[in-house]
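Heads up: the structure comes next, in structure tokens.
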Amino acid sequence: MNFNNILVEKENGLAKITINRPKKLNALNKETIEELSASFEALEEDATVKVLVITGSGEKAFVAGADISEFANFSVDEGGFLAKKGQEMLFDFIENLSKPVIAAVNGFALGGGLELAMACHFRIASENAKMGLPEVSLGVIPGYGGTQRLPQLVGKGKAMELIMTAGMISAEEAKACGLVNHVVPLEELLLLAEKLANKMMRNSSVAIGAAIRAVNANFEDGINGYEVEIAEFGECFGTEDFTEGTTAFLEKRKANFPGS
Ligand code: COA
């Protein structure tokens, strides 16, 4: 697939998606969201891909938000549609992907950029990264899941403060409040992503998919996460990965998971 705003590279089971609009600090315009959506859909179906990492091009920004120039004149209906469509086609889709998605936050992650990072399964950041939800400074609120996912990650009080002050926090502050898992120098960011990806790739991809569904169930209205866990746990017993994992353990050798 050819894209105008993103780069997609695949190597040894890891797919790297780079948002590539550095002159606009990788802001998410409509076309970029559509391209990201198409690439995530394709990578979910691609059996050669086991883990995904998303990052921004350049040394300044992961994503500096939704592209403000595109929605400045929107009506109430258009605003609502923008948020609904984006959430459905990209942010929720990433969260529910059956393969791990790591956000490698390499600079500003603001507004839609932080929301994109928060839709990923976990986040790592470079020392220069800065994160925030500045929407209320523009007279709007986060619309790509930020009011929901930020409190899930950092707690309600901290999320309220960040959203209402529209302030930015440093990578270290983001780590302290649980928004990112690791902070490293910029030049080590993708190496860390690869290291974590390789660790995950040694495990059963089928079980990882089940774990993602079970963890996500905790945050779905009307769904009992414990029941989802029980069902997913049971399903694992019917997989070839389970047979291989337990057999390998008993035979004192490393598992070679078929991924089925
Ligand atoms: N939407 C559209 N364009 C954006 C953008 C966004 N969210 N963020 C940055 N850009 C563009 C700027 O307009 C500028 O374009 P230009 O060179 O054609 O004028 C370019 O990216 C570089 O940004 P600039 O503001 O000059 O860089 P800076 O280093 O002075 O400031 C930021 C960096 C991130 C602090 C600043 O760009 C900013 O506040 N961006 C908006 C963040 C935001 O509110 N996001 C939430 C949107 S809902």
Side-chain angles (χ1 to χ4, degrees), residues 3-7 17-37 54-95 103-120 123 125-154 158-174 177 179-180 183 186 189:
F3 297 115
N4 295 323
N5 305 281
I6 65 172
L7 306 168
I17 302 168
T18 307
I19 300 163
N20 190 30
R21 298 182 75 211
K23 286 188 181 147
K24 294 290 175 191
L25 303 187
N26 303 322
L28 295 177
N29 60 356
K30 185 168 175 275
E31 192 181 39
T32 305
I33 290 193
E34 284 167 359
E35 291 182 359
L36 284 171
S37 166
I54 180 162
T55 194
S57 71
E59 301 192 344
K60 193 168 171 184
F62 173 71
V63 170
D67 193 317
I68 300 167
S69 64
E70 279 191 350
F71 63 72
N73 297 318
F74 273 13
S75 66
V76 169
D77 285 349
E78 286 170 321
F81 183 72
L82 178 76
K84 184 172 161 51
K85 191 161 175 234
Q87 287 194 19
E88 286 171 0
M89 76 189 289
L90 184 60
F91 295 75
D92 295 353
F93 189 81
I94 292 175
E95 182 167 60
V105 180
N106 59 309
F108 287 114
L110 301 174
L114 181 56
E115 291 173 299
L116 180 63
M118 291 194 294
C120 297
R123 289 140 294 284
S126 54
E127 288 165 344
N128 61 312
K130 286 205 174 354
M131 283 157 258
L133 293 177
E135 283 87 346
V136 298
S137 71
L138 298 166
V140 67
I141 67 167
Y144 288 143
T147 64
Q148 306 303 298
R149 292 192 182 101
L150 188 61
Q152 287 167 10
L153 288 163
V154 306
K158 186 75 190 167
M160 284 287 198
E161 181 186 334
L162 274 169
I163 291 169
M164 294 190 295
T165 59
M168 282 186 217
I169 56 172
S170 67
E172 279 303 335
E173 287 172 284
C177 68
L179 186 51
V180 306
V183 178
L186 181 58
L189 186 64

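Just follow the structure's listing: the first ligand is 1, and inside any ligand the first atom is 1. The chain is numbered in sequence order, starting from 1. Bear in mind that the values here come from a model prediction, so they are computed numbers and not experimental data.
Taking 4.0 Å as the cut-off, Gly112 does not count as a neighbour of ligand 1 on heavy-atom distance. Under the 4.0 angstrom criterion for non-hydrogen atoms, Lys130 is not in contact with ligand 1.
Protein heavy atoms are absent from the space less than 4.0 angstrom from atom 36 (C) of ligand 1. For atom 31 (O) of ligand 1, no protein heavy-atom neighbour is found at a distance under 4.0 Å. Taking a distance limit of 4.0 Å, we find that atom 12 (C) of ligand 1 is approached by no protein heavy atom. For atom 1 (N) of ligand 1, a protein non-hydrogen atom is found at a distance below 4.0 Å. Protein heavy atoms are found inside the 4.0 Å sphere centred on atom 16 (P) of ligand 1. Atom 39 (O) of ligand 1 lies below 4.0 Å from none of the non-hydrogen atoms of the protein. When distances from atom 28 (P) of ligand 1 to the protein are checked, a heavy atom turns up under 4.0 Å.
Across Leu162 and Thr165, no two heavy atoms sit closer than the pair O-OG1, 3.5 Å. Between Ala171 and Ser126, the closest heavy-atom pair is CB-O, 3.3 Å. Taking every heavy atom of both residues into account, Leu133 and Pro142 meet most closely at CD1-CG, 4.0 Å.
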Practice item. Tell me, with the steps shown, if Ser37 and Glu34 meet side-chain hydrogen bond (donor to acceptor under 3.5 Å, both in side chains). Key: CA-CA 5 Å; Ser37 166; Glu34 284 167 359; over 6 Å; no

Practice item. Start with the C-alpha distance between Arg149 and Asp92, add both sets of side-chain angles, then the distance that settles salt bridge (charged side-chain N to carboxylate O under 4.0 Å, His left out), and finish with yes or no. Key: CA-CA 11 Å; Arg149 292 192 182 101; Asp92 295 353; 3.0 Å; yes

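The protein heavy-atom contact nearest to atom 45 (N) of ligand 1 is Ala64 O, 3.1 Å. Summary of contacts: the protein heavy atom closest to atom 24 (P) of ligand 1 is Leu25 CD1, 4.5 Å. Closest to atom 46 (C) of ligand 1, if we only count protein heavy atoms, is Pro134 CG, 3.7 Å.
Counting heavy atoms under 4.0 Å from ligand 1, residue Ala27 touches it through the side chain alone.
For CZ of Phe81, the number of neighbouring non-hydrogen atoms (other residues, nucleotides, ligands) closer than 6.0 Å is 12 at most. Crowding of Glu59 atom CD: a count of heavy atoms from other residues, nucleotides or ligands under 6.0 Å not exceeding 12. Counting non-hydrogen atoms of neighbouring residues, nucleotides and ligands closer than 6.0 angstrom, the CD atom of Glu127 exceeds 12 such neighbours.
The Asp67 neighbourhood of ligand 1 comprises atoms 1 (N), 2 (C), with distances under 4.0 Å to a heavy atom of that residue. Residue-ligand proximity, Lys60 to ligand 1, at heavy-atom distances under 4.0 Å covers atoms 27 (O), 28 (P), 29 (O). Numbered from 1 in the order shown, with element, the atoms of ligand 1 that lie under 4.0 Å from a heavy atom of Leu110 read 34 (C), 42 (C). Ligand 1 places these atoms under 4.0 Å from at least one heavy atom of Lys23: 20 (C), 21 (O), 22 (C).
Judged by distance alone, the side chain of Glu135 and the main-chain N or O of Val140 form no donor-acceptor pair under 3.5 Å. Thr55 places a side-chain N or O within 3.5 Å of a backbone atom of Ala104 that can act as its donor or acceptor partner.
Arg21 has a carboxylate O that lies under 4.0 Å from a charged side-chain N of Asp67, or vice versa, which qualifies the two as a salt bridge.
Remark: among candidates Glu135, Met168, Arg21, Lys24, the nearest residue to atom 4 (C) of ligand 1 is Lys24, based on non-hydrogen atoms.
For ligand 1, the polar-atom distance check against Phe71 finds no nitrogen or oxygen pair separated by under 3.5 Å.
Here the CG atom belonging to Asn4 is positioned 10.5 Å from the CG atom belonging to Asn20, to the nearest 0.5 angstrom.
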